[in-house]
Amino acid sequence: MNMVEIVNHFVQTQIPIQELKIFSKLPGIYAFFFIGKNFPLENFEIPQNKIIYIGKTESSQQSRDANTHFKTGKTGSSTVRKSVGALLSQSEEIIPIIRSWTDIEKGRTSHYKFNQNSEERVTKWMVENLAVSFYEYPASKAKINQLETDLIKILKPVLNIDAKNAGNPHLVQIKALRKALGAIVHSTPDQKTPITMKETRVSIAPKIINMNTSSFGKYVPIWTAYLEEMKRALAESSEVISINLDKNLFEQAGNRKNFAFRLDYTEGKVSNNIGGSAVARDLNKVLTSSKIQVGNKTFKMNKEFKLTIE
């Protein structure tokens with residue numbers, strides 16, 4: 001089959017997850033379709049029966065779809081479940097927890113799973129809103145990977161957020177939501193019990209700057225999610241750098257009329273008054289605790305939620 005025929009195969013053979021009883025025992029490519037009414041991503045309109053994810057399995061659809069993506073408790077091994085959970089966390093209580101203590105020790109900030117209730121919410125949403133189709137392709141690993149790559153580049157599914165789908169306009173937003181959940185777990189490495197986003201706003205601050213009021217720390221998980229991007233920006237260029245931030249993350253964390261701020265550093269120390277901006281204070285906490293060399297840089301966030309480093 002050529003690409004058009006494979007896509008047509010997906011469309012013609014799709015079946016709602018809740019009706020799917022038999023899974024292929026062969027390797028191949030699977031497609032997830034959105035068949036619900038409201039996709040949980042702001043500024044994203046999607047027609048029904050639109051492919052939102054393309055994946056591959058080098059073993060069988062049974063092992064990858066039935067035993068991983070659609071199975072409660074398997075978020076730690078499923079990027080689709082992790083993305084769905086991140087999207088749902090904007091309106092529902094989704095509680096990330098440690099997948100393994102090794103992940104914490106090795107700083108694998110993108111590795112986590114959800115508690116039982118959250119896992120069940122993700123499964124319920126997928127069962128109620130997704131359909132699946134499978135194209136059997138018993139070929140070599142290299143050929144399976146290439147076919148998946150080609151299909152992703154053609155279809156640009158919204159939930160494919162790796163390098164194969166670099167043109168996905170929602171990639172940054174979904175990644176930021178996922179990183180924010182990961183930051184909750186990894187910002188409290190001495191705590192092995194599950195915590196909620198709401199609890200994190202209070203509890204993680206003492207571990208970073210020894211504060212104990214709810215007005216400190218609520219933006220720490222968000223800035224932690226953008227930490228690697230800021231590190232790369234500082235390391236790669238001495239020019240003015242801009243990073244687009246996710247408005248939703250900040251508005252969920254705090255009810256403020258104005259999130260804009262200016263944070264000046266002189267020889268690595270804050271040199272202007274940021275006492276009135278919790279957003280700036282929390283950025284300083286993250287930069288300081290991460291021991292990033294900020295030198296004489298200025299960090300400015302405007303009302304369009306763009307962070308400028310100059």
Side-chain angles (χ1 to χ4, degrees), residues 1-36 46 48-87 99-100 102-103 108 110-114 119 122-168 170-171 174-175 178:
M1 287 190 182
N2 58 34
M3 292 293 107
V4 173
E5 291 172 330
I6 293 173
V7 173
N8 285 336
H9 167 80
F10 285 145
V11 173
Q12 293 167 6
T13 62
Q14 65 174 294
I15 182 171
I17 292 176
Q18 57 187 332
E19 298 177 13
L20 187 59
K21 306 299 182 184
I22 300 175
F23 293 86
S24 172
K25 300 297 193 299
L26 293 177
I29 307 294
Y30 50 88
F32 294 165
F33 291 76
F34 179 68
I35 56 173
I46 180 172
Q48 285 194 342
N49 299 315
K50 174 77 173 181
I51 293 176
I52 62 170
Y53 187 80
I54 290 289
K56 64 180 172 66
T57 174
E58 296 161 353
S59 53
S60 71
Q61 185 193 22
Q62 175 75 42
S63 64
R64 194 60 183 147
D65 288 344
N67 297 336
T68 305
H69 292 318
F70 305 152
K71 192 169 183 178
T72 298
K74 288 293 185 177
T75 295
S77 302
S78 170
T79 187
V80 177
R81 292 185 64 87
K82 200 172 294 182
S83 292
V84 170
L87 293 174
R99 190 184 70 166
S100 74
T102 301
D103 292 335
R108 298 168 180 162
S110 63
H111 292 197
Y112 55 88
K113 56 184 179 180
F114 301 132
E119 288 279 348
V122 170
T123 300
K124 182 175 184 293
W125 187 90
M126 293 178 71
V127 169
E128 293 178 349
N129 291 278
L130 300 185
V132 64
S133 181
F134 189 69
Y135 173 64
E136 294 181 341
Y137 191 57
S140 67
K141 291 183 179 180
K143 288 184 177 180
I144 293 173
N145 181 68
Q146 187 59 56
L147 179 56
E148 180 201 39
T149 300
D150 293 342
L151 286 166
I152 289 172
K153 288 182 177 179
I154 292 172
L155 298 170
K156 296 179 173 59
V158 65
L159 291 187
N160 284 96
I161 58 172
D162 62 8
K164 294 180 180 181
N165 199 20
N168 180 358
H170 303 281
L171 182 149
I174 296 173
K175 278 190 172 183
R178 287 174 50 144

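Just so you know, these numbers come straight off a predicted model, no measurement behind them.
Between atom OG1 of residue Thr57 and atom CG of residue Leu26 there is a gap of 10.0 Å, rounded to the nearest 0.5 Å. Rounding to the nearest 0.5 angstrom, the gap separating the CZ atom in Phe33 from the CZ atom in Phe10 is 7.5 Å. Summarising the geometry, atom CD belonging to Gln61 is positioned 11.5 Å from atom CD1 belonging to Ile29; distances are rounded to the nearest 0.5 Å.
At distances below 3.5 Å, not a single donor-acceptor pair connects side-chain atoms of Ser63 with backbone N or O atoms of Ser59. Between the Glu128 side chain and the Trp125 main chain, no donor and acceptor come within less than 3.5 Å of each other.
In this structure Asp162 satisfies the side chain to side chain contact (heavy atoms under 4.5 Å, CB included) test together with Lys164, sequence neighbours excluded. For the salt bridge (Lys or Arg N to Asp or Glu O under 4.0 Å) test, residues two or more places apart in sequence or in another chain that qualify with Arg81 are Glu119. Checked against side chain to side chain contact (heavy atoms under 4.5 Å, CB included), Leu171 has the following partners two or more places apart in sequence or in another chain: Ile161, Asn168, Lys175. The side-chain hydrogen bond (donor to acceptor under 3.5 Å, both in side chains) search around Tyr137 returns none, not counting sequence neighbours. Under the side chain to side chain contact (heavy atoms under 4.5 Å, CB included) criterion, Lys71 pairs with Lys74, sequence neighbours left out. Ser77 pairs by the side-chain hydrogen bond (donor to acceptor under 3.5 Å, both in side chains) definition with nothing, not counting sequence neighbours. Listed by chain and number, the residues in a salt bridge (Lys or Arg N to Asp or Glu O under 4.0 Å) with Glu58 are Lys56 (sequence neighbours excluded). Residues meeting the salt bridge (Lys or Arg N to Asp or Glu O under 4.0 Å) test with Lys25, sequence neighbours left out: none. Residues satisfying the ring pair (Phe, Tyr, Trp, His ring centres under 6.0 Å) criterion with Phe70, sequence neighbours excluded, are Phe32.
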Throw together a table of side-chain donor-acceptor distances under 3.5 angstrom for residues 150-160, partners on residues two or more places apart or in other chains.
residue: Asp150; atom: OD1; partner: Gln146; partner atom: NE2; Å: 2.9
residue: Lys156; atom: NZ; partner: Lys153; partner atom: O; Å: 3.0
residue: Asn160; atom: OD1; partner: Ile54; partner atom: N; Å: 2.9
residue: Asn160; atom: ND2; partner: Ile54; partner atom: O; Å: 2.9

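Ser60 approaches Ser24 most closely through the heavy-atom pair CB-O, 3.7 Å. Nearest heavy atoms, Ser78 versus Thr68: CB-CG2, 4.0 Å. The two residues Ala131 and Ile35 come nearest to each other via the heavy atoms CB-CG2, 3.9 Å.
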* side-chain contact (heavy atoms from CB on, under 4.5 Å) between Thr79 and Tyr53, intermediate numbers included -> CA-CA 10 Å; Thr79 187; Tyr53 187 80; 3.3 Å; yes
* **Test side-chain contact (heavy atoms from CB on, under 4.5 Å) applied to Arg178 and Tyr112, step by step** => CA-CA 10 Å; Arg178 287 174 50 144; Tyr112 55 88; 3.7 Å; yes
* To do: Start with the C-alpha distance between Ile46 and Ile52, add both sets of side-chain angles, then the distance that settles side-chain contact (heavy atoms from CB on, under 4.5 Å), and finish with yes or no.
  => CA-CA 9 Å; Ile46 180 172; Ile52 62 170; 3.3 Å; yes
* To do: Given side-chain contact (heavy atoms from CB on, under 4.5 Å), test Tyr135 with Met1 step by step and report yes or no.
  => CA-CA 10 Å; Tyr135 173 64; Met1 287 190 182; 3.7 Å; yes
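His69 and Tyr30 are linked by a side-chain donor-acceptor pair at a separation below 3.5 angstrom, with hydrogens and angles left out of the test. Thr123 and Thr72 are linked by a side-chain donor-acceptor pair at a separation below 3.5 angstrom, with hydrogens and angles left out of the test.
Annotation: side chain to side chain donor-acceptor pair (under 3.5 Å) contacts involving residues 7-23, sequence neighbours excluded, comprise Thr13-Ser133. Applying the salt bridge (Lys or Arg N to Asp or Glu O under 4.0 Å) test to pairs two or more places apart or on separate chains, none has a residue in residues 134-147.
Put simply, the side chain of Leu87 reaches to within 4.5 Å of the side chain of Ile174, judged on heavy atoms. Taking 4.5 Å as the limit, some side-chain heavy atom of Glu5 sits within range of a side-chain heavy atom of Asn2.
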